[in-house]
Structure formats: structure tokens, C-alpha cells
Amino acid sequence: MTTHPSADHPTGAETTRRPPTPTPPTRTARAHSFNTAAARYAANRPSYPPALFDAVEALAGRPLPGSRVADIGAGTGIATALLHARGANVIAVEPGDGMAAQFRSTLPAIPIIRGTGDDLPLADASLDLVTYAQAWHWTDPARSVPEALRVLRPGGALALWWNTDALDVPWIAEAAARTERHFGIDVAAEKRNVNARAADPTGRLDFTRRTVRWSRRVPVDTHLANIGSHSVFLVHDEEHTAAFLAEEREHLLGAFPDGIVEEVYEVVLLLAKTPA
């Protein structure tokens, strides 16, 4: 889909002095920013719940064990490792130098090749499932949709998913409001933009949508490192970002005096099958 300006945005923090709204960073700058923070990304980003992969299997109409899967925009391999653990015969595709290096150091037994969703280095009709975890918004659907259809076998499936903030949780909504005020980011647009029309403006794919709610409890430092690994922070001035996160720590300790943050997510899954 056309990149969603908020699809990679975390909840954030409020500062006492509001800086001028910065010029929005380019899509390319944001996409490449992860390569400088690959280790932080791998260590602190949330994973995905087993129920997500249950939903993928149910909607795709086939079990993951033994399926030939390509995980595109694999990053450090968070989703790839889970697909592998479920028994899939998985290969990763990743364009970034830093992310690919981190992937290889963490998952040396899983093959990874360099490439993008707009030009997949994969053979025609060779896959049962193509997955994008937090990555479809970096593609151009005019190219990535035909590429996915090209590499999928008849009856195969394309699965896209995103961890999105559960904005009905008060502390998360408050943090999102701080992000919106100080970075000009509409966090709520994240979920609005995760839909079939945005994923495939041409309408060639018939997506089914599922939402899986889950949570994790992590130390404040892990939560801060998680949100700091998102592109909106990585492309901004390092000193300003550090000050911003330091103030967010105070908000978090007010909400979680024991220093353990309960992050609540809703994984939004879109899955489309190809004709058998």
C-alpha cells in the first residue's frame, strides 16, 4: 500500500517546551533509519502472539508446517523466527544492510536474501505463503501486489500484519496524544489506514481482516527502547529524542510505579488468497 505516514509510529511523550513542528522526514530516510538501530530493534520490539499464526493458518486454509514461506521485509527476523518455529520452510527477504546483518547473527540457520517487495528475487509460483510483518507500508502496491501474485502458487496466500497500539487503554491513549501534539503524528490513523483499500488500491486482492489482541509486560527501559527504535524517532535529532524519552519516563513511572509497563497491542491481519 502507499506508505502510511503513521504505520510505524509508536506512542510517545510530551515535553514542557513544544518545539517547532519539524519538516516531515522523507519516506526513504525513514525506511533506511532502521539499519542504524538494528540491535536495539531486535532486543526491544514486541513479538507476535501464537493466535496470530493460528489465524493465518485458518484464513490461508493450510497449516504452516511444511509450507514454503517467504517473509518479506524481514528486518531482524522477529516474524521469520516464529514462522520457522511453527514448522514453515521459510526464507527471509530484507533490503537493509544493518537489519540483514543482525538477522544473520541471530538466525544463522534461516536463509536470507537481499531484495525488496517491489522486486522479489524469487521464482514464479514457488511459494505457499508470502508474509509482511510491519513492512507492507514500505512498498509500492502497484509493484508489490503483482510481485506477490507472481511468486505465489495457485491457492497460495499473501498475509500482511501490524502490531498497533490498543488506544482504548487510557495510558496508551494519553501517550499517543502526546506524540500527536509534539511530533504532528496521528497515531489513530494507523488503524484507519490498515485496510484492504490502502493495502491494494487496485482491488485485485480480496483481503479478509482479523484482529488479535495481546499484551506484554516489560521494564520501562525496554518500553522506551522499543518506541525509540521507531523511524519517527530515529530520523529526528538524537539529543532532542533523548530528552523527549526522558520526559516520557516520568509519565510512565507515574502510571507504573513498579517500573513494569503493560504494553497492549492489537495485531491487524490482512490475508488474501490467490485463485486455486
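Keep in mind that this is a model prediction, so the values were computed, not measured.
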Do L64 and L129 pass the side chain to side chain contact (heavy atoms under 4.5 Å, CB included) test, and can you show the C-alpha distance, the side-chain angles, and the key distance before you say yes or no? CA-CA 9 Å; L64 282 168; L129 179 66; 3.7 Å; yes
Going through the checks in order, is the side chain to side chain contact (heavy atoms under 4.5 Å, CB included) test met by L158 and W136? CA-CA 11 Å; L158 171 65; W136 184 257; 4.1 Å; yes
Run the numbers on I110 and R104 for side chain to side chain contact (heavy atoms under 4.5 Å, CB included), then give the verdict. CA-CA 8 Å; I110 299 178; R104 290 190 181 100; over 6 Å; no
Does the side chain to side chain contact (heavy atoms under 4.5 Å, CB included) test come out yes or no for V145 and L205, once each step is laid out? CA-CA 8 Å; V145 169; L205 299 173; 4.0 Å; yes
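Of the possible donor and acceptor atoms, none in the side chain of D71 sits under 3.5 Å from a partner among the backbone N and O of A74. Judged by distance alone, the side chain of R210 and the main-chain N or O of V267 form no donor-acceptor pair under 3.5 Å. R114 places a side-chain N or O within 3.5 Å of a backbone atom of P95 that can act as its donor or acceptor partner. Between the side chain of S105 and the backbone N or O of Q102, at least one donor-acceptor pair lies under 3.5 Å. Although no hydrogens or angles enter the test, the distance criterion places a donor-acceptor pair under 3.5 Å between the side chain of T164 and the main chain of E266. Remark: side-chain polar atoms of T131 are not paired, donor with acceptor, to backbone N or O of A159 under 3.5 angstrom.
Counting heavy atoms from C-beta on, the side chains of V268 and W161 never come closer than 4.5 Å. Considering only heavy atoms from C-beta on, E147 stays 4.5 Å or farther from D118 through its side chain. Side-chain contact between N226 and E263 is present, with at least one heavy-atom pair separated by less than 4.5 Å. Looking at P141 and P201, their side chains come closer than 4.5 Å, going by heavy atoms from C-beta outward. Within the 4.5 Å cutoff, no side-chain heavy atoms of R153 are placed close to those of L127. Put simply, the side chain of V56 reaches to within 4.5 Å of the side chain of L269, judged on heavy atoms. Contact of the I113 side chain with the E94 side chain is not registered, since no non-hydrogen atoms from C-beta on lie closer than 4.5 Å. At least one side-chain heavy atom of F53 sits less than 4.5 Å from a side-chain heavy atom of L83.
Atom CG of residue L160 and atom CZ of residue R209 lie 11.5 Å apart, to the nearest 0.5 angstrom. In this structure, CD1 on I227 lies 7.0 Å from CG on L252, to the nearest 0.5 angstrom. The CG atom of D97 sits 11.5 Å away from the CE atom of M99 when rounded to the nearest 0.5 Å. The distance from the OG atom of S144 to the CG atom of D119 is 11.5 Å, given to the nearest 0.5 Å. Here the CG atom belonging to L120 is positioned 5.0 Å from the CD1 atom belonging to I72, to the nearest 0.5 angstrom. Here the OH atom belonging to Y265 is positioned 7.5 Å from the CD1 atom belonging to I172, to the nearest 0.5 angstrom.
Between Y132 and W162, a ring centre-to-centre spacing not shorter than 6.0 Å is recorded.
Using a 3.5 Å distance cut-off with no hydrogens or angles, the side chains of W171 and H251 do not pair a donor with an acceptor. Counted by atom type alone, S67 and R62 present one or more donor-acceptor pairs between their side chains at under 3.5 Å. In this structure, a donor-acceptor pair under 3.5 Å is present between the side chains of T202 and D200.
When all heavy atoms are compared, the tightest approach of L271 to A60 is CD2-N, 4.0 Å. Nearest heavy atoms, P154 versus A276: CB-C, 3.8 Å. Closest approach of L253 and G259 over heavy atoms only: CD2-CA, 4.1 Å. Residues N163 and P46 approach most closely at ND2-CG, 3.7 Å, considering heavy atoms. Closest non-hydrogen pair, A88 versus V69, comes out as CB-CG2, 3.8 Å. The shortest heavy-atom contact between D124 and R150 is OD1-NH1, 2.6 Å.
A salt bridge is absent between D206 and K273; no separation between the charged side-chain nitrogens and carboxylate oxygens falls under 4.0 Å. Between R68 and D128 there is no salt bridge, since no side-chain N of the basic residue sits under 4.0 Å from a carboxylate O of the acidic one. Using a 4.0 Å cut-off between a side-chain N of Lys or Arg and a carboxylate O of Asp or Glu, D168 and R213 qualify as a salt bridge. Using a cut-off of 4.0 Å between Lys/Arg side-chain N and Asp/Glu carboxylate O, E57 and R86 are scored as salt-bridged.
In this structure, V218 is not a member of the same hydrophobic cluster as I260, with clusters built from ILVMFWY side-chain heavy atoms closer than 4.5 Å.
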